[in-house]
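One structure is given below, encoded as structure tokens.
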Amino acid sequence: MRLPLLALLAFASSASAETYDLQPTPQTVAWGHYDATDKPVLTIKSGDTVVIHTLLTNSPSGLEKAGVKPADVEPALRAVFDGVPASARGPGGHILTGPIAIEGAEPGDTLEVRIRKIDLAIPYAYNAFRYGAGFLTDDFAYARMKIVPLDAKRMIGTLTPGVEIPLAPFFGSMGVAPPPSFGRYDSAPPTINGGNMDDKALVAGTTLFLPVHAHGALFQAGDGHAAQGNGEVDITALETSLVGTFQFILHKGQTSPYPRAETPKSYIAMGFDDDLSNATRKALRNMIDFLVTIKGMTRDDAYMLISVAGDVEITELVDRNKGVHVVMPKAVFVGK
């Protein structure tokens with residue numbers, strides 16, 4: 001069982017809101033799961049901001065074997081691998097910082113997560129595939145891992161000589177606890193609590209809306225990606241450690257069946273299922289529900305609008321539950 005956070009830096013940002021700094025330690029991470037029974041490592045109020053430091057999903061030995069110098073492995077990653085007991089790990093493999101409780105959050109509410117800023121924490125990432133994982137498992141029936149240098153000044157990653165990847169950092173996993181009936185839920189397949197959504201649109205400046213399923217909401221983040229293509233076809237992105245600045249706003253009595261997001265230019269509705277067609281149906285119904293309840297459209301007009309102006313995109317294909325999101329440009333709404 002994780003212990004309350006002992007060394008937490010808090011700074012008053014205003015009379016009514018505070019900013020906290022949450023570091024990953026053996027006591028402040030959830031290894032491979034979301035769970036409504038986990039004890040929060042930090043409790044905040046609606047309106048507060050938390051700077052969350054996260055760790056990439058790999059081991060010190062795995063990174064060193066791939067070519068990372070021992071001195072370049074984060075001490076926090078070594079401490080977590082040494083300090084988190086086996087009983088507290090799994091069933092997934094992601095190292096998630098949290099959970100963070102929001103005072104007053106209860107099932108039936110919505111947690112608004114404003115992603116204010118995302119910074120690279122280390123100057124490298126990795127991409128890897130292995131047999132039995134990814135989408136083309138028969139085509140690549142072996143394992144390979146590559147360390148990718150990151151240039152924070154130019155914001156590019158060099159995959160191979162002459163091939164540069166523009167960086168757009170985001171957290172592959174952001175979510176709240178699932179309903180208590182889920183038990184210790186695997187961090188890999190995304191579902192109604194968010195989690196491992198792997199949605200590359202969730203960069204700084206985006207707002208995520210998560211339905212609350214448990215007391216306190218219990219937000220966690222991790223699985224940092226420096227860049228990713230839609231689909232994440234080989235099962236990893238440019239996996240790295242990130243620092244995210246999040247502001248949390250609680251909306252009492254407002255709920256939605258699935259996570260949604262808002263970028264400066266669009267609205268996003270999500271759906272997750274092990275069947276890609278069902279994931280698409282859930283995302284479409286999620287967007288229709290948004291257009292009806294928030295934009296005041298009829299269901300018929302909402303369905304038509306998605307067909308003529310919305311984009312249905314595959315978020316990821318490789319985490320058992322497939323991810324689909326529907327993107328609706330804000331520019332189509334010209335009325336008051």
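One is the number of the first residue; the rest follow in order along the sequence. Everything numeric in this text was worked out from a predicted model, so none of it was measured.
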request  = Could you please spell out the steps behind the salt bridge (charged side-chain N to carboxylate O under 4.0 Å, His left out) verdict for Lys45 and Glu18?
outcome  = CA-CA 8 Å; Lys45 296 180 179 180; Glu18 294 192 356; over 6 Å; no
task = State, without any angle test, whether His325 and Asn286 hold a side-chain donor-acceptor pair at a distance under 3.5 Å.
result = no
Over all atoms of both residues, closest heavy-atom pair of Gln220 and Ala30 = OE1-CB, 3.5 Å
request  = Could you state whether Ile118 and Ile100 fall into the same hydrophobic cluster, counting links through intermediate Ile, Leu, Val, Met, Phe, Trp or Tyr residues with side-chain heavy atoms under 4.5 angstrom apart?
outcome  = yes
Where His33 and Pro91 come nearest, the two heavy atoms and their spacing = CB-CD, 4.1 Å
task = Return yes if some donor-acceptor pair links the side-chain N/O of Thr54 with the main-chain N/O of Leu242 below 3.5 Å, else return no.
result = yes
inquiry  = For the residue pair Arg130 and Phe140, would you count it as a cation-pi contact if the rule is NZ or CZ under 6.0 angstrom from the ring centre and within 45 degrees of the ring axis?
reply    = no
message = I'd like to know if the side chain of Asp301 and the backbone of Thr298 have a donor-acceptor N/O pair within less than 3.5 Å.
response = no
query = Do Thr110 and His251 have a side chain donor and acceptor closer than 3.5 Å?
reply = no
inquiry  = Test side-chain contact (heavy atoms from CB on, under 4.5 Å) on Asp48 and Tyr20; report intermediate values, then the result.
reply    = CA-CA 8 Å; Asp48 287 348; Tyr20 299 87; 3.6 Å; yes
key: Flag, side chain of Tyr258 to backbone of Phe272, donor-acceptor distance under 3.5 Å   = yes
Thr236: which of Thr57, Asn127, Asp223 passes side chain to side chain donor-acceptor pair (under 3.5 Å) = Asn127
ask   = Should Ile115 and Tyr267 be regarded as members of a common hydrophobic cluster, given that ILVMFWY residues are connected when their side-chain heavy atoms come within less than 4.5 Å of each other, either directly or indirectly?
value = no
task = State plainly whether the residues Arg320 and Asp186 are in salt-bridge range, i.e. N to O under 4.0 Å.
result = yes
inquiry  = What's the separation between atom CE in Met155 and atom CG in Leu167, rounded to the nearest 0.5 Å?
reply    = 4.5 Å
ask   = Does a donor on one side chain sit under 3.5 Å from an acceptor on the other, for Thr315 and Asp198?
value = no
inquiry  = Are the side chains of Val243 and Gln23 in contact, using a 4.5 Å heavy-atom criterion?
reply    = no
request  = Could you label the plane-to-plane angle of the Tyr142 and Phe129 rings as parallel, tilted or perpendicular, counting under 30° as parallel and over 60° as perpendicular?
outcome  = perpendicular
task = Is it possible for you to check whether Lys146 lies under 6.0 Å from the centre of the six-membered ring of Tyr126, through NZ or CZ, and within 45° of that ring's axis?
result = no
message = Once you measure the plane-to-plane angle for Phe248 and Phe219, does it fall in the parallel (<30°), tilted (30-60°) or perpendicular (>60°) bin?
response = perpendicular
key: Any Leu305 side-chain heavy atom under 4.5 Å of Met328 side chain   = yes
ask   = Any link between Phe135 and Val324 through a network of hydrophobic side chains (Ile, Leu, Val, Met, Phe, Trp, Tyr) touching at under 4.5 Å?
value = yes
ask   = Is any NZ, NE, NH1 or NH2 atom of the basic residue among Lys69 and Glu64 found under 4.0 Å from an Asp or Glu carboxylate oxygen of the other?
value = no
inquiry  = I want to check something: taking the side chain as every heavy atom from C-beta on, are Ser187 and Leu96 in contact at a cut-off of under 4.5 Å?
reply    = yes
query = With a cut-off of 6.0 Å (strictly less than), are more than 12 heavy atoms of other residues, nucleotides or ligands near CZ of Arg285?
reply = no
note = Closest non-hydrogen atoms of Ala66 and Met145, given as atom of the first, atom of the second and distance, are CB-CE, 3.8 Å
query = If every non-hydrogen atom of Ala226 is compared with every non-hydrogen atom of Leu120, which pair is closest and at what distance?
reply = CB-CD2, 4.2 Å
ask   = Do the side chain of Thr206 and the main chain of Val203 share a donor and acceptor less than 3.5 angstrom apart?
value = yes
request  = Could you check Arg260 against Glu262 for salt bridge (charged side-chain N to carboxylate O under 4.0 Å, His left out), going step by step and ending with a plain yes or no?
outcome  = CA-CA 7 Å; Arg260 296 175 180 154; Glu262 181 178 342; over 6 Å; no
ask   = Is there a side-chain contact between Met197 and Leu208, using heavy atoms and a 4.5 Å cut-off?
value = yes
message = Around atom OH of Tyr303, are there more than 12 heavy atoms from other residues, nucleotides or ligands closer than 6.0 Å?
response = no
inquiry  = For the NZ atom on Lys330, are there more than 12 heavy atoms of other groups (residues, nucleotides or ligands in this structure) within a distance under 6.0 Å?
reply    = yes
request  = Answer yes or no: is there a side-chain heavy-atom contact under 4.5 Å between Thr240 and Leu150?
outcome  = yes
query = Got a salt bridge between Lys252 and Glu103, using NZ or NE/NH1/NH2 to carboxylate O under 4.0 Å?
reply = no
task = Inspect the surroundings of CZ in Arg78 and state if more than 12 heavy atoms from other residues, nucleotides or ligands are less than 6.0 Å away.
result = yes
ask   = Glu316 and Ile235: side-chain contact (heavy atoms from CB on, under 4.5 Å), yes or no, with the steps?
value = CA-CA 9 Å; Glu316 57 86 11; Ile235 205 169; over 6 Å; no
task = Consider only side-chain heavy atoms of I, L, V, M, F, W and Y, link residues closer than 4.5 Å, and tell whether Val292 and Leu284 are in one cluster.
result = yes
inquiry  = Would the distance check show the side chain of Lys200 and the main-chain N or O of Gly229 forming a donor-acceptor pair, the cut-off being under 3.5 Å?
reply    = no
task = Determine whether Ile156 and Thr158 make a side-chain contact, defined as any pair of heavy atoms from C-beta on separated by less than 4.5 Å.
result = yes
Under-4.0 Å salt bridge between Lys282 and Asp273 = yes
ask   = In Å and rounded to the nearest 0.5 Å, what is the CZ to CD1 distance from Arg281 to Ile288?
value = 12.5 Å
message = Is it the case that the side chains of Asn193 and Thr191 hold a donor-acceptor pair, with the cut-off being a distance below 3.5 Å and no angle test?
response = no
request  = Could you verify whether a donor N or O on one side chain and an acceptor N or O on the other, from Asp274 and Asn321, lie under 3.5 Å apart?
outcome  = no
task = Run the ring-centre check on Phe171 versus Phe246 and record whether the distance is less than 6.0 Å.
result = yes
message = Is it the case that the side chain of Glu74 and the backbone of Ala76 share a donor-acceptor pair, with hydrogens and angles ignored and the cut-off at 3.5 Å?
response = no
key: Ile165 side, atom CD1; Thr160 side, atom OG1 - distance, nearest 0.5 Å   = 8.0 Å
ask   = When you measure from the side chain of Gln247 to the backbone N and O of Gly47, does any donor-acceptor pair fall under 3.5 Å?
value = yes
query = Are any of the side-chain heavy atoms of Pro259 and Met270 separated by less than 4.5 Å?
reply = yes
ask   = Would you say the side chain of Leu63 lies within less than 4.5 Å of the side chain of Leu77, judging by non-hydrogen atoms?
value = yes
remark   = Between Asn230 and Ile314 the two heavy atoms that sit nearest each other are CB-O, 3.2 Å
request  = Indicate, with yes or no, if the rings of His225 and Phe170 have centres closer together than 6.0 Å.
outcome  = yes
note = Scanning both residues in full, the closest heavy-atom pair of Leu210 with Gly194 reads CD2-CA, 4.1 Å
Donor-acceptor contact present, side-chain Tyr124 to main-chain Asp72, <3.5 Å = yes
Lys295 charged N/C atom sitting above Phe333 aromatic ring, 6.0 Å / 45° = yes
ask   = Does Gln27 reach the main-chain N or O of Thr25 with its side chain, forming a donor-acceptor pair under 3.5 Å?
value = no
ask   = If we ignore angles and hydrogens, is there a donor and acceptor under 3.5 Å between the side chains of Ser173 and Tyr34?
value = yes
task = To the nearest 0.5 angstrom, please state how far the OG1 atom of Thr97 sits from the CG atom of Leu42.
result = 11.5 Å
inquiry  = Under a 3.5 Å threshold, yes or no: a donor from one side chain and an acceptor from the other, between Ser266 and Thr263?
reply    = yes
task = Indicate yes or no for a side-chain donor-acceptor contact from Asp109 to the backbone of Glu106 under 3.5 Å, with no hydrogens or angles considered.
result = yes
query = Linking I/L/V/M/F/W/Y whenever their side-chain heavy atoms sit closer than 4.5 Å, directly or via other members, would Val51 and Val29 fall into one cluster?
reply = no
